[in-house]
Number of protein chains: 2
Amino acid sequence: MDTSQLLKGVLDLAVLAVLRKDDGYGYDVVRRLRAGGLNDVGDASVYGTLRRLYNAGMLTSYVVPSEEGPHRKYYSINETGRGRLAESAEMWRSFASTLDGLLEEVAA
Amino acid sequence: MDTSQLLKGVLDLAVLAVLRKDDGYGYDVVRRLRAGGLNDVGDASVYGTLRRLYNAGMLTSYVVPSEEGPHRKYYSINETGRGRLAESAEMWRSFASTLDGLLEEVAA
DNA sequence: GGACAGTACTACGCATCGCGCAGTACTGTC
DNA sequence: GACAGTACTGCGCGATGCGTAGTACTGTCC
């Protein structure tokens, strides 16, 4: 009984959403997602998602050598990414309301 | 750009929701899901889900020989299934509102 | 009466993607 | 100088939805 399956196809969206305001590096994105309520998200999943989004041209990246730890690979959302974010958010909302429709009258 | 990933972990829920009122056989469940807005759901996915739920003890089944076509294998939700439905529905709502939180301010 | 569409189900293998775990590497602390 | 915290990479696994093919039965239309 876990939420991991629910994340499928939605983690991209969540990561893009988190990056929409400020650039972030992997470890930081994980923290922001968890702070946002996605407590169970695995770090490997996030790093993987960042790489996928980067390879898909949704993100740009730059490395910043940190003075208190290893280097940090920052990711920044670009126009393509913003477009995708808007699209995916819309798709999510539509899907969620469809499912809510199916669930209506189901006692919680 | 498809919704198939969004269905992950939610199809169980949708199928249980559809069966909560009336028993149904596979082909019929597919139609009800599509009528409910899940237009792209594959029939093989639904049959697979029904079998999974049955094996997990959430459903009982009985075969009715049809007079206008092949036999129909009806599925009926039982108490275990209803419990699971309530649980999953609650989990879904919680997850959905978490994601909505992350998405707030994202222009649609 | 034979091809075809519709109904109903099964089985096989594939692709996606989140996860667990191990490993690397650097910094600061006790 | 072992250990915890930070930061990232890579490998293989497991769950699950999908495509396709195959079986089987009924009714229709030429």
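Throughout, a chain's letter reflects where its sequence line sits, starting with A, and its residues are numbered from 1.
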Peer 1: Would you kindly give the CG-to-C1' distance between B:L7 and C:dA15, to the nearest whole Å?
Peer 2: 15 Å
Peer 1: Take B:R32 and B:D22 through the test side-chain contact (heavy atoms from CB on, under 4.5 Å) and record every step on the way to the result.
Peer 2: CA-CA 11 Å; B:R32 289 202 241 166; B:D22 302 302; 4.2 Å; yes
Peer 1: Counting side-chain heavy atoms from C-beta on, which of C:dT16, D:dG17, C:dC9 comes nearest to B:L11?
Peer 2: D:dG17
Peer 1: Within the structure, does a side-chain N or O atom of B:R31 lie under 4.0 Å from either OP1 or OP2 of C:dA8?
Peer 2: yes
Peer 1: Please pick, from C:dG18, D:dT6, C:dT7, the nucleotide with the shortest atom-to-atom distance to any side-chain atom of A:P70.
Peer 2: D:dT6
Peer 1: Describe, in one word, how the ring planes of B:Y74 and B:Y62 are oriented to each other, choosing from parallel (under 30°), tilted (30 to 60°) and perpendicular (over 60°).
Peer 2: parallel
Peer 1: What's the shortest heavy-atom distance between B:D12 and B:R84, and which atoms?
Peer 2: OD2-NH2, 4.0 Å
Peer 1: Looking only at non-hydrogen atoms, find the nearest pair between A:P65 and A:V63 and report the distance.
Peer 2: CD-O, 3.9 Å
Peer 1: Go nucleotide by nucleotide along DNA chain D from the 5' end; which of A:H71 and B:V10 gets its closest nucleotide reached first?
Peer 2: A:H71
Peer 1: Check the distance between D:dG17's P and B:L6's CG and give it to me in whole angstrom.
Peer 2: 12 Å
Peer 1: Rounded off to whole Å, could you give me the CG-to-P distance for the A:N39 and C:dG18 pair?
Peer 2: 17 Å
Peer 1: Between A:Y47 and A:V10, is there a shared hydrophobic cluster once you connect ILVMFWY residues whose side-chain heavy atoms come closer than 4.5 Å?
Peer 2: no
Peer 1: Quick one: do B:Y27 and B:L59 end up in the same hydrophobic cluster if we chain Ile, Leu, Val, Met, Phe, Trp and Tyr together by side-chain heavy atoms under 4.5 Å apart?
Peer 2: no
Peer 1: May I have the distance from A:Y27 (atom OH) to D:dA4 (atom C1'), rounded to whole angstrom?
Peer 2: 10 Å
Peer 1: What is the distance, to the nearest angstrom, from the CZ atom on A:R72 to the P atom on C:dT27?
Peer 2: 13 Å
Peer 1: What parts of residues 43-55 of chain B reach DNA chain D, counting only heavy atoms under 4.0 Å away?
Peer 2: B:A44, B:S45, B:T49, B:R52
Peer 1: With sequence neighbours left out, write down each residue that passes salt bridge (Lys or Arg N to Asp or Glu O under 4.0 Å) with B:R72, or none if nothing qualifies.
Peer 2: none
Peer 1: Report the C-alpha distance between B:L19 and B:L50 in whole Å, list the side-chain angles of each, state the deciding distance to 0.1 Å, and finish with yes or no for side-chain contact (heavy atoms from CB on, under 4.5 Å).
Peer 2: CA-CA 10 Å; B:L19 289 177; B:L50 284 169; 4.1 Å; yes
Peer 1: Given that both pair distances must be under 3.5 Å and the pair must be Watson-Crick or G-U, what runs of three or more consecutive pairs involve DNA chain C?
Peer 2: C:1-30 with D:1-30
Peer 1: Rounded to the Å, how far apart are A:L99 CG and D:dG17 P?
Peer 2: 12 Å
Peer 1: According to a strict under-4.0 Å criterion, is A:K8 in side-chain N/O contact with OP1 or OP2 of C:dC19?
Peer 2: no
Peer 1: Could you check how far CG of A:L59 sits from P of D:dC8, rounded to whole Å?
Peer 2: 13 Å
Peer 1: For residues B:Y54 and B:L11: do they belong to one hydrophobic cluster (side chain heavy atoms under 4.5 Å, members Ile, Leu, Val, Met, Phe, Trp, Tyr)?
Peer 2: yes
Peer 1: D:dA7 C1' sits how many Å from A:Y62 OH, rounded?
Peer 2: 16 Å
